[in-house]
Structure formats: structure tokens, C-alpha cells
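Down below is the structure, laid out as C-alpha cells.
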Protein chains: 2
Amino acid sequence: MSGQAGAMAASPAASKSQLAYEWIHGRIVSGALGPGSRLVLSQVAAELDISVVPVREAVRRLEAEGLITFEKNVGATVAGIDPVEYLYTMQTLSLVEGAATALSAPSVRRADLDAAREVNGRMHAMLADFPENFDPVRFTQLNHDFHSVLFEHCPNPHILDLVHRGWNRLTALRGSTFSFVPERAPESVEEHEVLLQLIERGAPTAEVELAARRHRSATLDAYLARTDAHPAFPVL
Amino acid sequence: MSGQAGAMAASPAASKSQLAYEWIHGRIVSGALGPGSRLVLSQVAAELDISVVPVREAVRRLEAEGLITFEKNVGATVAGIDPVEYLYTMQTLSLVEGAATALSAPSVRRADLDAAREVNGRMHAMLADFPENFDPVRFTQLNHDFHSVLFEHCPNPHILDLVHRGWNRLTALRGSTFSFVPERAPESVEEHEVLLQLIERGAPTAEVELAARRHRSATLDAYLARTDAHPAFPVL
DNA sequence: CTCGGCTGGATCGTATACGATCATCGTATA
DNA sequence: TATACGATGATCGTATACGATCCAGCCGAG
């Protein structure tokens with residue numbers, strides 16, 4: 001469901017500011033605009049056949065969400081070249097996603113669990129092709145779908161919003177700092193099942209949170225292990 | 001220090017958009033603009049003697065930070081009337097502040113600890129006037145100063161930013177949903193000391209995080225206990 | 001007296017125009 | 001050849017103007 005660019009573009013008479021926002025956002029998360037790409041307001045305006053004012057507004061919003069940086073007489077550039085930045089994003093996501101998953105747990109229904117299991121099954125199936133013929137992009141996509149099911153019921157809209165932003169940043173960053181750690185794939189699938197069982201049997205909130213957080217932290221640790229960019233990075 | 005509008009108006013040639021942002025932001029967190037206040041772009045522009053375009057941009061930023069809501073042909077209104085909204089904010093703040101405090105712990109220096117203790121001492125002194133002649137606003141202010149010292153060293157800028165936003169929202173909300181729970185004041189001071197000792201002796205990250213989170217959660221629990229707005233609210 | 005439609009005002013959304021600032025590139029000189 | 005300096009272009013920041021949309025109050029009909 002999250003594959004398309006515009007997400008929900010249902011409104012026919014959306015404001016042009018919104019249009020510009022969704023257009024740029026889509027181009028970033030779809031990978032059409034890689035990190036470091038320059039983005040000139042007037043060009044975007046011309047492309048969308050609108051004025052620069054709404055574009056400017058959209059850029060500001062995206063800046064607030066951390067997807068781009070905006071410099072004074074230089075223009076807007078898609079953020080995320082810095083690997084340290086990537087670590088910060090992962091750490092933050094670990095925090096908020098763990099909380100969202102834990103808060104969602106009581107509201108997760110049978111159908112959700114089944115759907116998540118089905119997705120995880122497909123991830124498991126992909127492991128057969130590991131490591132050759134393995135499609136990390138597809139795997140990452142499924143991974144996102146899996147976790148979506150588990151955190152989307154989060155009753156706290158703030159936390160949920162932070163989770164979405166984190167995933168967006170992460171998606172935008174793929175390509176430059178390529179995050180995926182293939183060695184972790186098999187463990188990931190196992191940990192997913194553990195997480196499902198925890199939720200299934202109504203484990204305490206704190207326990208679910210810890211498990212979800214650990215799951216991501218482990219990935220981050222694996223990433224840190226093979227890079228020496230940031231030796232001692234405290235993982236919550 | 002927070003009484004003035006501009007807060008830090010050090011930069012002489014700040015953009016007008018920034019000017020508008022700081023002006024509105026200051027009026028909100030200082031309480032001059034209570035929740036529900038309407039804010040008309042053209043009026044603000046006239047007040048600051050600038051055009052509406054930068055004001056509009058500032059409003060969008062503030063909207064992204066959750067301080068105001070912006071409706072199409074109605075205008076901008078300062079957010080935060082809903083008590084449920086308050087709970088969500090507290091819950092989120094509990095999460096991110098706990099993390100920020102834990103991540104800051106290794107970088108907290110002797111001088112910081114002393115400063116925090118000094119602030120907490122002043123809070124302790126205020127308890128003498130409890131419950132009569134007790135100034136909750138002043139107490140809340142000191143509380144913020146205390147925690148600031150403990151989380152400001154957080155190396156992750158994202159998390160730190162979230163903490164700031166949370167506090168801003170909380171500060172903006174005071175007045176309507178009055179959060180302060182007087183009964184908690186003595187315990188608060190004690191818990192602060194516990195937190196200081198944990199950091200002082202270099203306790204593990206997870207332990208510090210838990211303590212910091214518990215500290216806030218307890219306040220939230222106390223708030224929930226005396227209100228029946230939201231019976232079962234899962235506190236992380 | 002109440003209800004429905006209509007007119008007027010207010011506010012936002014966007015387009016266009018102009019000025020300010022900075023990066024870039026070419027050129028002259030040591 | 002390397003470096004400092006100045007002209008040029010590009011881009012952003014803001015002001016102003018106009019159109020679109022919505023809310024409020026009034027007026028007339030039932």
C-alpha cells in the first residue's frame with residue numbers, strides 16, 4: 001500500500017502547496033531524487049506549472065520534516081548524505097517505533113496478525129534466494145509493510161507521526177548510505193515471529209516495546225559493526 | 001528569561017520569516033496567546049510591519065511543530081484545548097525526554113550536576129510554602145530548568161529537537177488544561193535527587209532512561225488519577 | 001415568530017514583480 | 001602557474017495585487 005508516491009491523493013481540489021509537497025515528497029521517497037540532489041524553487045514551479053510561493057511553502061514543510069535542507073542563496077538539497085545523520089535517524093526511529101508498536105499491541109486484531117504473518121512468510125521465502133538473487137529493496141519494502149501493521153494502531157497520533165517521518169527519512173536515505181545489512185535478514189524474520197507471538201499472547205506493554213526496540217537496535221548494531229564511522233554509538 | 005518576545009534576538013539581520021516565527025512563538029510560550037486564540041495573518045503582518053508572505057511561512061512552521069492549527073478560510077488558532085491532546089503530548093515527551101536524558105548522561109559534567117542540584121535545591125525551598133503561597137508557575141519553570149541541564153547534552157539532534165518541541169507544546173498548553181499536580185511536588189524533588197545520583201555514579205543508559213521516564217509517567221499518572229477524561233491511558 | 005436564501009465582508013491562496021545576496025567564472029597580476 | 005579580484009548570473013526573500021472561498025448578518029416569505 002505504501003509503494004505509490006502520492007500516498008492518498010484522493011482530494012481533487014487539493015491546494016497547490018499540497019500538490020507541490022506531495023510531488024517533491026514522492027520524488028524523494030521513491031528514490032527519483034537521491035540525497036544531495038539540488039532542487040531549485042523556480043524549476044519545480046515551472047515543472048508543476050504553478051508559482052514559486054506554494055513551492056516555497058512545500059519546501060519549508062519538507063525541511064521541517066528533515067527530508068531536505070534549504071540554504072539561503074543556494075537552493076534546496078535533498079538531505080541525508082552524512083552517515084552519522086543516518087545513525088541518528090535510526091536511533092530515533094528505534095525509540096518511537098518501539099513505543100508505537102507497544103502502544104498498538106492491545107489494538108492489534110487477529111486479521112492484522114495474520115496479515116503480518118503473511119508478509120513475514122514472504123520475507124522468509126525470499127531467504128531461499130539468499131545471498132544470490134536476493135533483492136534487498138523488495139525485502140526492505142516487505143519489512144516496512146510488516147512493521148506498519150504492528151504500529152499503525154498506535155493511539156497517540158504524535159508518536160505515530162514521528163514513526164512515519166522516521167520511515168520516510170530512512171526510505172529517502174536508501175541509495176546513498178545503503179543501510180541494508182544482508183547478514184541480518186534471517187535473524188530479522190525470526191525476530192518478527194517472536195514479536196508476533198509476544199503481541200498474540202498479550203504481553204505487557206513494556207515487554208513489547210523492548211522487543212521491538214531490540215529488533216531495530218540489533219540491525220543498527222550490525223550496521224555499526226561493519227562501519228567504523230562512529231565507533232561507540234549508544235543504542236538505547 | 002523567557003518573558004521577552006524575541007527570546008534570543010541576537011542576529012541583527014535575521015530574515016523576516018524568522019522574525020515572525022520568533023514573535024508568534026514567543027507570544028505563545030509566554031502565555032500572551034492562550035489556547036484557542038485566533039491569529040490573523042494580515043494582522044500579524046501589520047503588527048510587525050512586514051508582508052503576509054513571511055508570516056504565512058512562520059505559521060506553517062509553527063503548525064508543523066503542533067503549536068497552532070491553520071484552517072483554510074478561518075485563520076490560525078493556537079492549539080491545545082483538548083485534554084486528550086495534552087495526554088498525548090505528555091506521553092510523547094515522556095518517551096523522548098527519557099531517551100534524551102539517558103543519552104546525555106555520559107556527557108553530563110560535574111558543573112552540570114551542581115547546577116541541577118542548585119535548581120533542585122530552590123525547588124525544595126519552595127516546598128516550605130506548600131501548599132499556601134506556593135507558586136506553581138515558578139515551580140514549573142524551575143522544573144524545566146532542572147531537566148534542561150540533564151537532557152541538553154543529548155548527542156542526537158533529532159531526539160533533542162523532539163524534546164524541545166514537547167516542552168514548547170506543554171508550556172503553550174499551560175493555562176487551559178492546567179497540568180500541574182501540586183501533590184506531586186514533594187515527590188518530584190526527591191525523584192530529581194535520585195536521578196542525579198544515578199547519573200553521578202554512571203548508571204547504565206537503560207537505567208537512567210527508565211528512571212527519567214518513570215519520573216514523568218508518575219506525574220502523568222497523578223494527573224490522570226484526578227481526571228476521568230481518559231480512564232485507561234497506557235503510560236509507557 | 002421561525003426558517004431559508006442572499007448579499008457583504010473577511011480571510012486565505014496564488015501570481016507576478018523587484019530587490020538583495022551569494023556563488024561562479026574569467027581575467028589580470030605577481 | 002597560482003592567486004586575488006571584479007563582473008556576471010542565478011537564486012532566494014519579500015512586497016504588492018488579485019481571485020477564490022467561506023462565514024455572518026440581514027431580509028423576506030411562510
Side-chain angles (χ1 to χ4, degrees), chain A residues 6 8-28 33-79 81, chain B residues 5-6 8-25 27-28 33-79 81:
Chain A
M8 61 202 67
S11 52
S15 69
K16 305 201 174 177
S17 158
Q18 186 69 14
L19 169 70
Y21 174 82
E22 288 177 5
W23 189 82
I24 300 176
H25 187 279
R27 306 252 313 178
I28 291 179
L33 263 65
S37 303
R38 281 191 62 188
L39 207 57
V40 178
L41 297 190
S42 52
Q43 288 180 8
V44 175
E47 180 90 20
L48 295 175
D49 199 42
I50 60 179
S51 174
V52 297
V53 178
V55 176
R56 180 183 177 80
E57 196 168 296
V59 165
R60 286 298 200 192
R61 275 181 63 189
L62 290 162
E63 184 189 26
E65 295 176 8
L67 281 181
I68 65 179
T69 60
F70 197 35
E71 265 177 299
K72 183 168 165 85
N73 286 306
V74 176
T77 61
V78 179
I81 307 176
Chain B
M8 61 199 71
S11 52
S15 70
K16 305 201 176 177
S17 158
Q18 186 68 13
L19 170 69
Y21 174 83
E22 289 177 4
W23 189 81
I24 301 175
H25 187 279
R27 305 250 314 176
I28 292 178
L33 263 63
S37 304
R38 282 192 62 187
L39 206 57
V40 178
L41 296 190
S42 52
Q43 287 180 8
V44 176
E47 180 89 22
L48 296 175
D49 199 42
I50 60 178
S51 174
V52 296
V53 177
V55 175
R56 180 183 177 81
E57 196 168 295
V59 165
R60 286 298 199 193
R61 277 182 61 189
L62 290 162
E63 184 189 25
E65 295 177 7
L67 282 180
I68 66 179
T69 60
F70 197 35
E71 266 177 297
K72 184 169 164 88
N73 285 307
V74 176
T77 60
V78 180
I81 308 178

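Sequence lines set the chain letters: A, B, ... in the order given, protein chains first and strands last, and positions in each chain run from 1.
- The partner of C:dT29, taking Watson-Crick or G-U wobble pairs whose two distances both stay under 3.5 Å, is D:dA2.
- Checking the phosphate oxygens (OP1, OP2) of C:dA15, a side-chain nitrogen or oxygen of A:S51 falls inside 4.0 Å.
- As rounded to whole Å, 7 Å separates atom P of C:dG13 from atom CG of B:L41.
- Using modelled atom types, one finds no donor on one side chain facing an acceptor on the other under 3.5 Å when comparing A:Q43 with A:E47.
- With hydrogens and angles ignored, the 3.5 Å screen pairs a side-chain donor or acceptor of B:R38 with a backbone N or O of B:V74.
- One atom, CD of A:E57, and another, P of C:dG13, lie 7 Å apart when rounded to the nearest Å.
- Along DNA chain D, the nucleotide nearest to A:N73 and the one nearest to A:V52 differ in position, and the one closer to the 5' end is contacted by A:N73.
- A:R38 places its CZ atom 11 Å from the C1' atom of D:dC12, with the value rounded to the nearest Å.
- Per the geometry, CG belonging to B:D49 stands 8 Å off P belonging to D:dA15, to the nearest Å.
- The CZ atom of B:R61 sits 9.0 Å away from atom NE2 of B:H25, with the distance rounded to the nearest 0.5 Å.
- When B:L39, B:T69, B:L33 are each tested for a side chain to side chain contact (heavy atoms under 4.5 Å, CB included) with B:T77, only one passes: B:T69.
- In this structure, the CD atom of B:Q18 is 10 Å from the P atom of D:dT14, given to the nearest Å.
- Phosphate contact (OP1/OP2 of D:dA15, side-chain N/O of B:K16, threshold under 4.0 Å): present.
- When distances are taken from the side chain of B:I50 to each of C:dT11, D:dC12, D:dA15, the shortest belongs to D:dA15.
- When distances run from any side-chain atom of A:F70 to the nucleotides C:dT11, C:dT14, D:dC12, the shortest one goes to D:dC12.
- Listed pair B:R56 / C:dC12 fails the phosphate criterion, with no side-chain N or O lying under 4.0 Å from OP1 or OP2.
- The existence of a salt bridge linking B:E57 and B:R60 is excluded, since no basic side-chain nitrogen approaches an acidic carboxylate oxygen closer than 4.0 Å.
- Rounded to a whole Å, the CG atom of A:L39 is 18 Å from the P atom of D:dA10.
- Atom CD of A:E71 is separated from atom P of C:dA23 by 8 Å (rounded to the nearest Å).
- Separating the CZ atom of B:R60 from the P atom of D:dG13 is a distance of 17 Å, rounded to the nearest angstrom.
- Comparing C:dG13, D:dA15, D:dT11 against the side chain of B:P54 picks out D:dA15 as the nearest.
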